[in-house]
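What follows is a single structure, written as structure tokens, with notes after it.
Protein chains get the first letters and strands the later ones, always in sequence-line order, with residue 1 at the start of each.
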Protein chains: 2
Amino acid sequence: MARHAENQNWKLVASDLEDLIGYNLKRAYVIVRADFREALGDDGMSARVFSALSLAVEFPNITQSELARMMGIERSGLVSIVDELEQRGFLNRVAVPGDRRVQALVPTQEGRFACVEALKAVRAHEDALLDVMTAKEKETLLKLLKKIRMRGEG
Amino acid sequence: MARHAENQNWKLVASDLEDLIGYNLKRAYVIVRADFREALGDDGMSARVFSALSLAVEFPNITQSELARMMGIERSGLVSIVDELEQRGFLNRVAVPGDRRVQALVPTQEGRFACVEALKAVRAHEDALLDVMTAKEKETLLKLLKKIRMRGEG
DNA sequence: CGCAGATTGTTATGCTGGTAAACAATCAGA
DNA sequence: TCTGATTGTTTACCAGCATAACAATCTGCG
């Protein structure tokens with residue numbers, strides 16, 4: 001501690017903060033999030049909307065409650081997300097015969113198309129951003145992040 | 001794609017989303033952030049406030065603009081953070097003789113103490129959360145996250 | 001059957017953590 | 001001395017959540 005404010009290469013200094021996983025995780029997350037937004041453009045989907053669409057395409061006829069559980073957010077928060085996806089014409093809320101409470105989320109053809117297109121764009125941007133890392137490093141990073149997720153999501 | 005909604009072990013499925021660094025980064029970040037909050041308790045500092053204090057302790061007499069640049073946020077966003085730190089008695093805005101625009105951030109003794117105490121608590125919680133990872137894995141994760149940061153923060 | 005309790009989608013409200021734009025005060029340089 | 005940049009600050013705004021309540025509906029139990 002107690003280095004001076006004029007220190008220009010603070011990033012190279014072994015600070016306490018710099019050793020915390022959480023701090024580095026957040027800083028990295030901010031960068032990748034900005035990259036994501038750039039990938040999908042100004043009127044593109046946000047990360048949460050893309051995630052929801054992606055899961056709805058992968059698990060058609062999923063309900064909002066199930067989707068919220070998968071995304072780790074509350075049901076109430078999913079309403080506006082599904083609203084947006086429906087407005088964009090990417091999926092429909094359709095009534096389910098057996099249970100009049102739920103409305104199944106059924107992706108449209110447009111939705112499926114938009115999903116793969118967005119995925120391609122995001123992957124391309126992510127690859128460009130992370131070209132400083134080898135394929136093995138990316139794989140390792142993925143594995144370690146999933147290890148944290150396993151710990152937190154049970 | 002096009003697996004069915006009844007699939008219970010979706011986490012084990014090699015979905016498109018699950019392969020994205022950004023998605024896994026966010027999910028992991030959410031978990032570690034929750035752990036951080038738990039570490040510092042209900043009326044404890046938020047992550048941003050702790051980061052600001054930590055950097056102010058490390059670089060005493062730093063200005064708000066410099067600190068904002070270090071944290072990667074706007075000057076305006078730092079005002080309320082420094083307000084809170086000043087209210088908690090952890091630092092003071094003091095006038096600088098040479099330049100009447102700036103006010104140097106000077107941590108108090110209490111601030112320094114609170115900083116190391118908070119750091120200890122956060123580290124302990126982080127260690128407990130990440131006990132599924134070896135020391136080498138944690139080191140690797142840190143290295144890879146910093147690699148992303150280098151890419152994004154120049 | 002009838003009824004208690006759980007579940008679903010939804011609304012309203014509020015919080016956190018930011019950004020963007022404007023502002024006066026001040027400084028630096030030609 | 002004038003122009004332009006910088007600093008701290010206020011104000012307004014937005015995204016991305018959580019929480020609590022609600023009616024409609026389902027489920028299971030006696």
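Within residues 34-48 of chain A, the residues that have a heavy atom under 4.0 Å from DNA chain D are, in order of number, Arg37(A), Ser46(A), Arg48(A).
Ala56(A) approaches Ile62(A) most closely through the heavy-atom pair CA-CG2, 4.4 Å. Leu142(A) and Ile21(B) get closest at one heavy-atom pair: CD1-CD1, 3.7 Å.
Between Leu78(A) atom CG and dC17(D) atom P the separation is 11 Å, expressed in whole Å. Computed from coordinates, the Leu67(B) CG to dT9(D) P distance equals 12 Å when rounded to whole Å. As a whole-Å value, the separation of Arg100(B) CZ from dT6(D) C1' is 15 Å. Put simply, CE on Met71(B) is 15 Å from C1' on dT19(C), counting in whole angstrom units. In this structure, Ile73(B) atom CD1 and dG8(D) atom P are separated by 13 Å, rounded to whole Å. Here the C1' atom of nucleotide dC17(D) and the CD1 atom of Ile31(B) are 16 Å apart, to the nearest Å. If you take CZ of Arg33(A) and P of dC17(D), they are 10 Å apart, rounded to a whole angstrom. Here dG16(D) presents its P atom at 13 Å from OH of Tyr29(B), a figure rounded to the nearest Å.
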- Message: I need a per-nucleotide contact map over nucleotides 7-12 of chain C, read 5' to 3'. Cutoff is protein heavy atoms under 4.0 Å; write B for the base, S for backbone only, - otherwise.
- Response: BBBBB-

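In this structure, Val94(B) belongs to a hydrophobic cluster whose other members, linked by side-chain heavy atoms under 4.5 Å apart, are Val106(B).
Judged by a 6.0 Å distance limit and a 45° cone about the ring axis, Arg33(B) is not positioned over the six-membered ring of Phe36(B).
Residues passing the side-chain hydrogen bond (donor to acceptor under 3.5 Å, both in side chains) test with Asp99(B), sequence neighbours excluded: Arg101(B). Legend: residues meeting ring-ring contact (aromatic ring centres under 6.0 Å, His included) with Phe90(B), ordered by chain and number and at least two apart, are absent.
Heavy atoms from other residues, nucleotides or ligands lying under 6.0 Å from CD of Glu139(A) number 12 at most.
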Tabulate below the donor-acceptor pairs under 3.5 Å that side-chain atoms of residues 79-87 of chain B make, not counting sequence neighbours, or state none.
residue	atom	partner	partner atom	Å
Asp83(B)	OD1	Arg93(B)	NH1	2.9
Asp83(B)	OD1	Arg93(B)	NH2	3.0
Glu84(B)	OE2	Arg88(B)	NE	3.0
Glu84(B)	OE2	Arg88(B)	NH2	3.1
Glu86(B)	OE1	Arg93(B)	NH1	2.7
Glu86(B)	OE2	Arg93(B)	N	3.0

- Task: Begin from the C-alpha positions of Arg27(A) and Glu18(A) and carry the test salt bridge (Lys or Arg N to Asp or Glu O under 4.0 Å) through to its verdict.
- Result: CA-CA 10 Å; Arg27(A) 299 295 296 247; Glu18(A) 292 288 333; 5.9 Å; no

